[in-house]
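Structure first, then comments.
None of these values were measured; they are calculated from a predicted model. Keep in mind that the numbers below use all heavy atoms, side chains included, and drop hydrogens, waters and symmetry copies.
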Amino acid sequence: MVAGFAFGPLSARWAASRRVLVSTIAYAVVVPSLLLFQSPAVLASMIFVAGLVTAPVLISGTSLIASRVDGSRLTEALTWPSIGLSIGVTLGGALTGIAIDDGTAFSAFIVSACAAVAVGVFGVTRSVLDRRAEHPQPSAPVTATSSP
């Protein structure tokens with residue numbers, strides 16, 4: 001809730017694609033940083049920060065979809081992130097269980113770190129693709145050849 005209120009004012013000033021880029025990069029930096037701490041107090045505060053960067057990722061992704069989909073298809077389009085989130089949570093839970101069984105409880109953070117980095121990669125990729133669509137490369141000029 002705190003992150004939603006703090007991030008909300010940016011929604012009015014930043015385009016959805018920019019919010020996706022910034023929020024996914026923040027997520028990809030903050031969540032893997034959990035691997036650096038083992039003190040319960042520091043770890044708890046970093047988990048709180050990780051929670052703060054989660055809401056903007058979800059809000060930005062939903063906003064990006066809403067800004068690009070025809071209004072008559074919006075409900076259908078918004079089901080896809082929910083389905084993806086459900087699949088991700090299910091797979092993440094299974095992989096986390098395996099990591100804990102094969103290692104320690106702390107090794108479960110590796111699963112979260114890898115997932116967060118993947119989110120960052122997808123966010124940057126989306127931004128690059130958007131920029132290419134906004135600024136298409138000029139095509140090679142067509143030259144006429146004369147016949148002998």
If I take atom [atom1] from residue [X] and atom [atom2] from residue [Y], how far apart are they, to the nearest 0.5 angstrom?
X	Y	atom1	atom2	result
Thr62	Leu74	OG1	CG	10.0 Å
Leu64	Arg126	CG	CZ	7.0 Å
Ser23	Arg18	OG	CZ	12.0 Å
Ile25	Ser127	CD1	OG	7.5 Å
Ile83	Leu78	CD1	CG	11.0 Å
Leu129	Ser17	CG	OG	11.5 Å

Report task. Give a yes or no answer on whether the side chain of Ser45 reaches the backbone of Val42 with a donor-acceptor pair at less than 3.5 Å. Result ->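 Between the backbone of Val42 and the side chain of Ser45 there is a qualifying donor-acceptor contact (under 3.5 Å).
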
Is there a path of hydrophobic side-chain contacts, each under 4.5 Å between heavy atoms of I, L, V, M, F, W or Y residues, that connects [X] with [Y]?
X	Y	result
Ile110	Tyr27	yes
Met46	Leu36	yes
Leu34	Val57	yes
Val49	Ile47	yes
Val53	Phe109	yes

[X] versus [Y], closest heavy-atom pair with distance:
X	Y	value
Phe106	Gln38	CE2-NE2, 3.9 Å
Ala113	Leu35	CB-CD1, 3.7 Å
Ala116	Pro32	CB-CD, 3.9 Å
Ile100	Ala105	CG1-CA, 4.0 Å
Thr96	Ala108	CG2-CB, 3.3 Å
Val124	Thr24	N-OG1, 4.4 Å

Query raised in the report: Tell me, which pairs form a salt bridge (Lys or Arg N to Asp or Glu O under 4.0 Å) where one or both residues lie in residues 52-75, sequence neighbours left out?
Result: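 The answer is Arg68-Asp130, Arg73-Glu76.
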
Query raised in the report: More than 12 non-hydrogen atoms from neighbouring residues, nucleotides or ligands closer than 6.0 Å to CZ on Phe122, yes or no?
Result: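 No.
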
Query raised in the report: Is there a side-chain contact between Pro56 and Arg19, using heavy atoms and a 4.5 Å cut-off?
Result: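 SC-SC contact between Pro56 and Arg19 ruled out.
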
Query raised in the report: Taking the side chain as C-beta and beyond, is there a heavy-atom pair between Ile65 and Trp80 under 4.5 Å?
Result: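 The answer is no, as the side chains (C-beta and beyond) never meet within the 4.5 Å cut-off.
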
